[in-house]
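Step one of this worksheet: look at the structure below.
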Amino acid sequence: MEIALSIKNVSKNFGNFTAVSNVTFDVEDGKFFSILGPSGSGKTTLLRMIAGFYKPSNGVIEIRGMDMAGVEPNKRPVNLVFQNLALFPMMNVYENIAFGLKRRGERGKEVKKKVESMLERVGLPGFGNRKVNQLSGGQKQRVAIARCLVLEPTALLLDEPLGSLDFKLREHMKVELKKLQAKVGTTFVYITHDQSEAMVMSDHVAVMHSGYFEQLDTPQNLYNKPVSAFVAQFVGDNNKFIVRLRKDEHGRFFAVTDEGHEFKLDRPYDLESSNLFEMYVRPEAIIINPKESTGGINLLDVEVKSILFDGGNSRILVIPSGSGREIIVSLPQNRKYDNLQEKDKLKIGWYPSAAVCFKGAGGKVYDEI
Amino acid sequence: MTKSEKIKVRWGFIIFFTPVFLWLFLLIVLPQIELLRMSFLGTDFHGKSGFTLENYGSFFTEPIYWLTFARTALYSILVTFIVLIIALPVAFYITKLAKIKYQGFLMVLILIPFWVNELIRIYGWIILLRESGVINYFLLKLHILKHPLEMMYHDATMILGLVYTSMLFMIVPIIGVMESLDDALIEAANDLGAGKVAVWRKIIIPYCMPGIMSGSIIVFMLVLGSFLTPKLLGGKNAMWFTEQIYNSIIIYFNWNQGAAFGFLLLFLSSLIIFIVLKLTKQELSKVIK
Ligand SMILES: Nc1ncnc2c1ncn2[C@@H]1O[C@H](COP(=O)(O)OP(=O)(O)OP(=O)(O)O)[C@@H](O)[C@H]1O
Ligand SMILES: [Mg+2]
């Protein structure tokens, strides 16, 4: 498959502040690629370099194998959907979409045909004469995307386009956008700080943190095999335990909490420099009242602190006896625990394979998340 | 709203607007009505005064009058246009390119000339520009010129003066609109393939149109009705229309003719603005906002 976009060792400094630092990735033709990161991690900066609004301090940006150094934004075969959409208020919907075509010198019937078929595609047939301020948030969204797609760009760059929408509409547009991308087959490079957006829509996701790519992987792998504590915390919910690792005489590894609980681990870790680690266990990997007979499971006695009812996503907050730490546990969908009360005593457990440890910075919390 | 409140509101209205209304009526409307009446009066051969259209008629029958007006109008349009061409990039620089801490300073630079009275300002210019003036002095000293150059009393000098005097009135309304122009619109246009010229033509100018229009109307009216600058800096053998009015009233004591010219100026300039608004498909109410 052809490479639409290739970023090689790209960095961007503002003065002596590094906003993007040595980022490398390729996006294949027709893929949905997301960059996921907290606010201020350098996502917009990276996207603006691809679009041509910033010059990289270092590195090479190639679009379809062509070096983009020195190519102005208006000459690049990529288009950007802005964070605030930036529809032209003095033009109607039709003129907004025709804008790029006219700049290319296309005139007359051809333009009309393309614009109308584009409006059809984004589900806004007959909206050509509407003023921009007569559109709803979701409709503006689609016009902004249509305005770019009509130019048939090599890649469409989207900067948190769903950020300004309310929750319900965002959920809806997520699915719409994915469907639209599948239909038109254009390469999408999508920026977001919302992990669920990235997971639902993307073929590949890069997790960005203070200018670096922490991990570039499929959504499944990001979730199941995070390579860093940051990814483990940022992608999906996770329970964090500050632990010390111990290796016994048989070469098995154990995690020991401050309270003295000991949990089996299923893989080896490097204990040389320090044995202080962070252990992560997903809420849905924790089993409530497991059968004692299932050997090898890690067990913990807990008390229910509160019940967080949310339909199919309901969870409970529990506290291990003799500790102040909260653990989130997903409730199974079978309604077995509908009668659970606060202060109930439970046993929870997880398999060693469900836990993953990273060398800890001594309990540092990423408070920007 | 209860009845007593309604009455209270009305009283407030009356108290506040009576002075405004009186001021408008006594000092502006009343004299205008009197002038309008005078413009239709004339004395016939027998020295009897009565209603006549002669005062207006002479404007069309005597080429000197309507030629003066045409010249004045054309130059005013030219000045407005030059002011606009200069004001657009200046406003763009101040609102979009200059660092925020310099914006105020740049605005002050534009305002400073208006702290000096128009007459003083023009005399200052005369000191600079006349044959024995400062500029000629330096040009001669530097051996760029052999003989002093007469820079006064050219139409070009007059236009320069008018452009300078009216610049502020174009820049301020344009800045007002341009400040609200989202930078992302410019970038979006650029991203969609527009070069610099297309960004100006399709995004910045259409967006700033209300500011451009109100600035242009103010500048046009100001220039058309200006008196000192054209009189003191302008060419010797051509007049500004305001000078015609001045001459009729002060030199020939023909108040009736002067009043008629005054109303012609008002009517014709309004007509020109109306036509321009129609041509550019702008609405007056929007422009005034
Ligand atoms: N023009 C600039 N000059 C100086 N610093 C900048 C500039 N643009 C961005 N930065 C800095 O670079 C960092 C990354 O900014 P960027 O806008 O790329 O973040 P982001 O990941 O898009 O965040 P958000 O999700 O909030 O939009 C920030 O710390 C920001 O302050
Ligand atoms: Mg951003």
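All chains are named by letter (A, B, ...) in the order of the sequence lines, taking the proteins before the strands, and each is independently numbered beginning at 1.
B:W115 has its side chain within reach of B:I112: a pair of non-hydrogen atoms, C-beta onward, lies under 4.5 Å apart. Contact of the B:M170 side chain with the B:L84 side chain is registered, since non-hydrogen atoms from C-beta on lie closer than 4.5 Å.
Heavy-atom distances place the side chain of A:R48, and not its backbone, under 4.5 Å from chain B. For chain B, the nearby part of A:N84 is the side chain; its heavy atoms alone come within less than 4.5 Å. For A:L80, the parts lying near chain B are the backbone and the side chain together; criterion is any non-hydrogen pair under 4.5 Å. The contact between B:D182 and chain A is made entirely by side chain atoms (from C-beta outward), counting heavy-atom distances below 4.5 Å. Contacts between A:F82 and chain B at a heavy-atom distance below 4.5 Å involve the side chain alone, from C-beta outward. Interface remark: A:V78 contributes backbone atoms only to the contact with chain B (heavy atom separation under 4.5 Å).
Using modelled atom types, one side-chain atom of B:T72 and one backbone atom of B:F241 make a donor-acceptor pair closer than 3.5 Å.
Side chain to side chain, A:E197 and A:S34 fail the donor-acceptor criterion of an N or O pair below 3.5 Å.
Between B:L185 and the options B:N190, B:V199, B:I204, B:I203, a side-chain contact (heavy atoms from CB on, under 4.5 Å) holds for only B:I203. The side-chain contact (heavy atoms from CB on, under 4.5 Å) test with A:V143 is passed by exactly one of A:V132, A:L85, A:L124: A:L124.
Using non-hydrogen atoms only and a strict 4.5 Å limit, the part of residues 101-121 of chain A facing chain B consists of A:R103.
For A:R142 and A:F127, the positive end is not near the middle of the six-membered ring at less than 6.0 Å and at most 45° from its axis.
Annotation: B:F59 is not in aromatic contact with B:F263 [ring centroid separation under 6.0 Å not met]. Checked against the 6.0 Å centroid threshold, B:F17 and B:F13 count as a close aromatic pair.
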